Peer 1: 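The structure is given below, and queries will be raised subsequently.
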Amino acid sequence: MSFELPALPVTDALADLSAALQKHDRVILQAPTGAGKTTLVPLYLLQQNPEGKILMLEPRRIAASSAAIRMAELLNEPVGKTVGYRMQLENRTSRDTRIEVVTEGVLTRMIQEDPELQGISILIFDEFHERSLQADIGLALTLQSQEHYREEPLKLLIMSATLQADELGKALNAPVVISEGFSYPVAINYLSRPLQDRSFHNICREVSSTVIKALHEEPGSMLVFLPGAGEIRQVQTLLEERVQTDNVDLRPLSGELSLAQQRAAIQPAKPGRRKVVLATNIAETSLTIEGIRIVVDSGLTRRAVYDPGMGMTRLETRRLSISSADQRKGRAGRLEEGVCYRLWTESEHQRLEHHETAEIAEADLAPLALELCSWGCSDSSELFWLTPPNSGRYQEALGLLEQLEATARTSSGSLQITAQGLQMAALGTHPRIAHMLLKASERGYLRTGCQLAAILSERDLLSSGKERSANIHHRLNLFDNSSNPKNDKSSLFRARQLVKRWESRLKAKAAPPVEPNSETAGRLLIAAYPDRIAQRRGTTSHYLLRSGQGVELSPEDPLASEEYLVIPALGGASHHRNARVFMACAIDKAIIYDECLADIQEHQETRWDSKAGRVIAAQQDRLGALVLEHQKIPDPDPDTIKRALLDGIRQKGIQCLPWDRESLQLRERLVFLNRFNDRLDDLLPASDEASLLDTMEAWLMPYLDGMTKLEHLKKLSLREALLSRLSWPQQQLLDREAPERWQAPSGSNIRVDYSKPDEPKVSLRLQELFGLLETPVIAFHQQPLTIEMLSPAQRPVQITRDLASFWKNTYQEVKKDLKGRYPKHYWPDDPYSATATHRVRPKV
DNA sequence: CTCTCCCT
C-alpha cells in the first residue's frame, strides 16, 4: 500500500518505532498531544506491515471517529474502507478495513468473545496516560491473550503523553520510543502567597479577580478552568457584574450544555472581540478551543469516587496533579506564545501529585468484577495490573455480583459466572442495570426496563432548571411524547438507540409483553437498587435510606409528598449537607413488601422511649433502618416492660429514683459497711451507684409491677427494696455496726451522717456531750465517729475524732468563747463530771 | 451550589 504521509513532529520517531515493534511484542511510545501520533502511527505501521490488521483504542467516541476520518482523508478514501471506526451504537467498518479505531469498551467486548483476537496483528492503546478503567481492563486481558491464547504474535503499542511512560516500560518490560512535540512557550504566573480558603465562594471570587487582572495585562482570548458547573455559573455572575462586556464574550462550557452551546464556546472570537471560556475538565482533553492565548487555572478538579460504605459513587473536589496542570497550561501555547495564571504558589506546586489517580483505584469495581468473572478469572491477582484493584473492595464487588445472581458458588466452593451473568456482561452496562434488564425481560416489561436502563446510564435527559423534578416518570414520558425522533435532543436520540439495541438483544428470551402500569418502574428499579429504598421523615422533604443514611429532595419537588421512594440517582453528601436526590420513583409500601419480603424483619420491641419518658411496647416490620409498620402491642409481657423501665432508669441515672432521707441514709450505711467486708462471713451486697444500677434486676424489678413511666417510680419504697437484699441476721448486723442513730449522753438520738463513707459523723450541741470521756466507736470497734460540736444556736464550733484530747486541750478555750456569746447557758469548768443536757441548763 | 469526564 503506497501513500504519502505528511511531516509532523512524530515523523522522526516512526522508523525507531517500527524497528522496536519488529524486535519486541510490547513497545511504549511517549509523544505529547499534538505530535500527530494518533493519525500517523497507524498509517505508517500499515505501510510497513500491509498484511495484518491494526486495532487502535481511543478513550472517547469523538476521538475515535475523528481519528478515523482524518486517516481516511489522508488516504483519499471514504471512512469505512481501509480505515473505519466502531463504537457502541455505530459501526463504520467493512471487509476491507485494515485500520479499525474503536472506543476502549469495544475491545473488552471483542476480547471476551474471542480471546485470541483473531486477525489482529497490532493493537494500539492511544492516550494511555489517562488510565481509564476500561483501558486498564483492556490491557490486563490483552496481556493474557498475548501469553495464553495467541499462536501468531500480537504486537502491543502503548502510546502515552506523559513521562509515566518510563515506569510503564519497566513494568511491561518494553522499550520506550520517545518523540518530541512542538508547542509555543507559555509563561506561568504563580500566586505569591497561598490561598487560605478554597471554599466554593472564595475560589469563585479569586478566579474572577484573576480573570479581570489577566484581561488588563494580556491581549487575546482566555480559557478558565473551574471544577464544575456550579462554579462556572457563579463566576459568570461575578464577571457580568464587574467586567465591561462591550468587547468581551463570556462562554460557559461543560458537559451538561447542548451541542450548540458547546460549539459557541469552541469557535474563535469574533473579530475585534475577546472570548472568555469558563470550562470544566471537558476542555482539558475532549474539546480543543480555538484561539486561546491565556489560561486561568483554579487548580481544582472534580473526580468520581466510589464510597463503599454508601454503595454509591460521589464527586470529590480536589487539587490538580502536575501533569493535568501542564496539560491545561499547554492549551495557551498551540498557536503562539501564551500565558498561564495559576491559583497556587510555586512552592505548593512542588508538593502536588505528579499524576491523577488511576480510575481503577477509586472507581466502583462491580463492572470490573463482572468482566473478570466473565473472563473466567474471578481472582483478580491472576492478571497483570499497573494498579491492582483494592482487594477488600473487589471482594465486596464480587459479593454484589452474587446478590445479582451473576455468579454462584460451585459445590467445591469456587466462584463461577452463571448463564445469567454472561448475558449481563454482554449487555454492556453496569451489573445492577443489567440485572434490572433481565428481570424486566422475565416479567414482560422489557420496554420499560430498557427505557429505565437508558435513563440511568446516560446524562439526565431533562435539562437543568428550577422546575426539573426528580420524578423518573418525567423522563420515561419523553420516550412516548415526541413522535418525531428528529426533534429529540441528542441525548434522547442516543437513549432511544440504546433501548432498541437492548430490546433486540433480549427479545428472544423475553416473556410476552405486559402493559406497564404505575407500579412497573418502581418494581424494576428495586431490582437494580434494592439498597436505595427510602422513607420520608415526618412531613419534610428529608428521607431515610435503608442504610440509615439521610438524603434530601428539593423541597419544591412535588415528589416530596410521597412516603416511599426508590432513589437510583443520588448526589454526594458533604460535611454540612445531606446527599441530594437527583432521580427517584415513588413506590407503594405494598410493593416494598412484595419485592423485598425476604429482607423484612418482624421486630417485637418493648423499649424505653427517652423522649416520652416511658416504656413503649410495639411490633414493627423493619427493612434495614426503615420502619414499615408500627403497632402497639396490647398485652406486652410484664417482665419485658420492667426490663425496659430499668433501661430507662439506667439512661437517666440513679438520681431519678425517689430517694428520701431514710432510703438515702440506708444506701450510705451499706456503702459504709462494705468497707469492712473482710470481717463478714456473709458479705453485704455492694451498694455504690454503679453496683446498684448493675443489679437492679435483682433488687428493684420485683417492686416495679404495673409501672411504665418515670412518674410511676414515685410510688416506690426504696428502703423496702434495698433491705430486701439482706437476710435477717444481716439486717441486725447493719443496725448494730452502722446504726441509724447514736444516743448521746443527753439522751438525744442523733442521726449518724454516712454521706462520707470514710468518716461517719454526728452533729450535736456541745452541752449534750458532757460526761462522755471517749469518742464513740462503731463498725466492729474500728471506726470512731467524727463529732461535730454545735453552739446553742446550732452553728459548728469544733470538730474532732478524739474526744479525750478535746476535753483536755481545747475545751477551756471554746468554753470561754461560748460563755461570752451565750451567757445564760451552762458552761461547767469540769466537763468530765458535768451532766449532759439538751436544754439551756440541766434540770436540778 | 442538583454531577467531572467518559465507556461497553
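Chain naming here is simple, since letters A, B, ... match the order of the sequence lines and numbering starts at 1 in each. As the structure is a computational prediction, the values presented were derived from the model and not from experiment.
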Peer 1: Measure CG/A:N578 against C1'/B:dT2 and give the value in whole Å, please.
Peer 2: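 From A:N578 CG to B:dT2 C1': 14 Å.
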Peer 1: Identify which nucleotide among B:dC7, B:dC3, B:dT4 has an atom closest to any side-chain atom of A:A569, counting heavy atoms from C-beta outward.
Peer 2: B:dC3
Peer 1: So A:G571, base contact, sugar-phosphate only, or nothing? Heavy-atom distance under 4.0 Å.
Peer 2: nothing
Peer 1: Using a heavy-atom cut-off of 4.0 Å across all strands, would you classify A:G105 as base, sugar-phosphate, or nothing?
Peer 2: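 Contact class for A:G105: sugar-phosphate only.
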Peer 1: Of the nucleotides B:dC7, B:dC5, B:dC3, which has the atom closest to the A:L315 side chain?
Peer 2: B:dC3
Peer 1: With a 4.0 Å cutoff (strictly under), does any side-chain N or O of A:R233 reach OP1 or OP2 of B:dT2?
Peer 2: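 For A:R233, the contact criterion (side-chain N or O under 4.0 Å from OP1 or OP2 of B:dT2) is not met.
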Peer 1: Are A:S132 and B:dC6 close enough that a side-chain N or O sits under 4.0 Å from OP1 or OP2?
Peer 2: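 Checking A:S132 against B:dC6: no side-chain N or O falls below 4.0 Å of OP1 or OP2.
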Peer 1: Please report, rounded to the nearest Å, how far the C1' atom of B:dC5 is from the CG atom of A:L133.
Peer 2: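 In whole Å, B:dC5 C1' lies 14 Å from A:L133 CG.
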Peer 1: In terms of side-chain geometry, is the basic nitrogen of A:D126 or A:K37 positioned less than 4.0 Å from the acidic oxygen of its partner?
Peer 2: yes
Peer 1: Separation of A:R432 atom CZ from B:dT8 atom C1', in whole Å?
Peer 2: 18 Å
Peer 1: Return no unless some side-chain N or O of A:T103 is found under 4.0 Å from OP1 or OP2 of B:dT8.
Peer 2: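 Yes, such a contact exists.
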Peer 1: Is the phosphate of B:dT8, meaning OP1 or OP2, less than 4.0 Å from a side-chain N or O of A:Q88?
Peer 2: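 True: A:Q88 side-chain N/O within range (under 4.0 Å) of B:dT8 OP1/OP2.
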Peer 1: How is A:S457 classified with respect to the nucleic acid when contacts are heavy atoms under 4.0 Å: base, sugar-phosphate, or nothing?
Peer 2: base
Peer 1: State yes or no: are the ring centers of A:Y394 and A:W385 separated by less than 6.0 Å?
Peer 2: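 No, too far apart.
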Peer 1: Nearest whole angstrom, please: distance from the P of B:dC7 to the CD of A:E90.
Peer 2: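 That distance rounds to 12 Å.
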Peer 1: Considering every strand and a 4.0 Å limit on heavy-atom distances, what is the contact class for A:T280: base, sugar-phosphate, or nothing?
Peer 2: sugar-phosphate
Peer 1: Figure out the CZ/P separation between A:R505 and B:dT8, and round it to whole Å.
Peer 2: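 Going from CZ in A:R505 over to P in B:dT8 covers 12 Å.
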Peer 1: Quick check for you: among B:dC5, B:dT4, B:dT8, whose closest atom lies nearest to any side-chain atom of A:I282?
Peer 2: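 Closest nucleotide among those given: B:dC5.
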Peer 1: Any salt bridge linking A:R86 with A:E58? Criterion: basic side-chain nitrogen under 4.0 Å from a carboxylate oxygen.
Peer 2: no
Peer 1: Using the closest heavy atom to pick a nucleotide of DNA chain B for each, name whichever of A:E458 or A:T313 lands nearer the 5' end.
Peer 2: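 Residue closer to the 5' terminus by nearest nucleotide: A:T313.
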Peer 1: Go through B:dT8, B:dC5, B:dT2 for me and flag the one nearest to the A:R61 side chain.
Peer 2: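 Nearest listed nucleotide: B:dT8.
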Peer 1: Does A:S554 reach a base, just sugar-phosphate, or nothing at all? Heavy atoms under 4.0 Å.
Peer 2: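 The residue A:S554 makes base contact.
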Peer 1: Quick one: is A:R109 getting a side-chain N or O under 4.0 Å of the B:dC7 phosphate, OP1 or OP2?
Peer 2: no
Peer 1: I want to check one thing: is the phosphate of B:dT2, taken as OP1 and OP2, less than 4.0 Å away from some side-chain N or O of A:R580?
Peer 2: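 So the side-chain polar atoms of A:R580 never come under 4.0 Å of the phosphate oxygens OP1 or OP2 of B:dT2.
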Peer 1: Quick test of your reading of the model: are A:D460 and A:R475 salt-bridged, counting only N-O distances below 4.0 Å?
Peer 2: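 A salt bridge links A:D460 with A:R475.
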Peer 1: How would you label the contact of A:A229 with the nucleic acid (heavy atoms, under 4.0 Å): base, sugar-phosphate, or nothing?
Peer 2: sugar-phosphate
Peer 1: Please give, in whole Å, the distance from B:dC5 C1' to A:L320 CG?
Peer 2: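 The distance from CG of A:L320 to C1' of B:dC5 comes to 14 Å, rounded to the nearest Å.
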Peer 1: For residues 419-434 of chain A, dump all side-chain donor-acceptor pairs below 3.5 Å to protein atoms at least two apart in sequence or in another chain.
Peer 2:
residue, atom, partner, partner atom, Å
A:H430, ND1, A:R432, N, 3.0
A:H430, NE2, A:D364, OD2, 2.7
A:R432, NH1, A:A528, O, 3.0
A:R432, NH1, A:D531, OD1, 3.2
A:R432, NH2, A:D531, OD2, 3.2

Peer 1: Phosphate oxygens OP1/OP2 of B:dC5: is one of them under 4.0 Å from a side-chain N or O of A:R60?
Peer 2: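 Looking at the OP1 and OP2 atoms of B:dC5, neither is under 4.0 Å from any side-chain N or O of A:R60.
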Peer 1: Measure the distance from CD1 on A:I360 to P on B:dC5 and round it to the nearest whole Å.
Peer 2: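 My rounded result for the distance is 23 Å.
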Peer 1: List in chain and number order the residues that pass side-chain hydrogen bond (donor to acceptor under 3.5 Å, both in side chains) with A:E359, two or more places apart in sequence or in another chain; answer none if no residue qualifies.
Peer 2: none
Peer 1: Cut-off 3.5 Å, side chains only: do A:E231 and A:S298 have a donor facing an acceptor?
Peer 2: no
Peer 1: Of A:E371 and A:P227, whose nearest nucleotide on DNA chain B comes first from the 5' end?
Peer 2: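 The residue closer to the strand's 5' end, by nearest nucleotide, is A:P227.
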Peer 1: Atom CZ of A:R302 to atom P of B:dC1: distance rounded to whole Å?
Peer 2: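 Going from CZ in A:R302 over to P in B:dC1 covers 13 Å.
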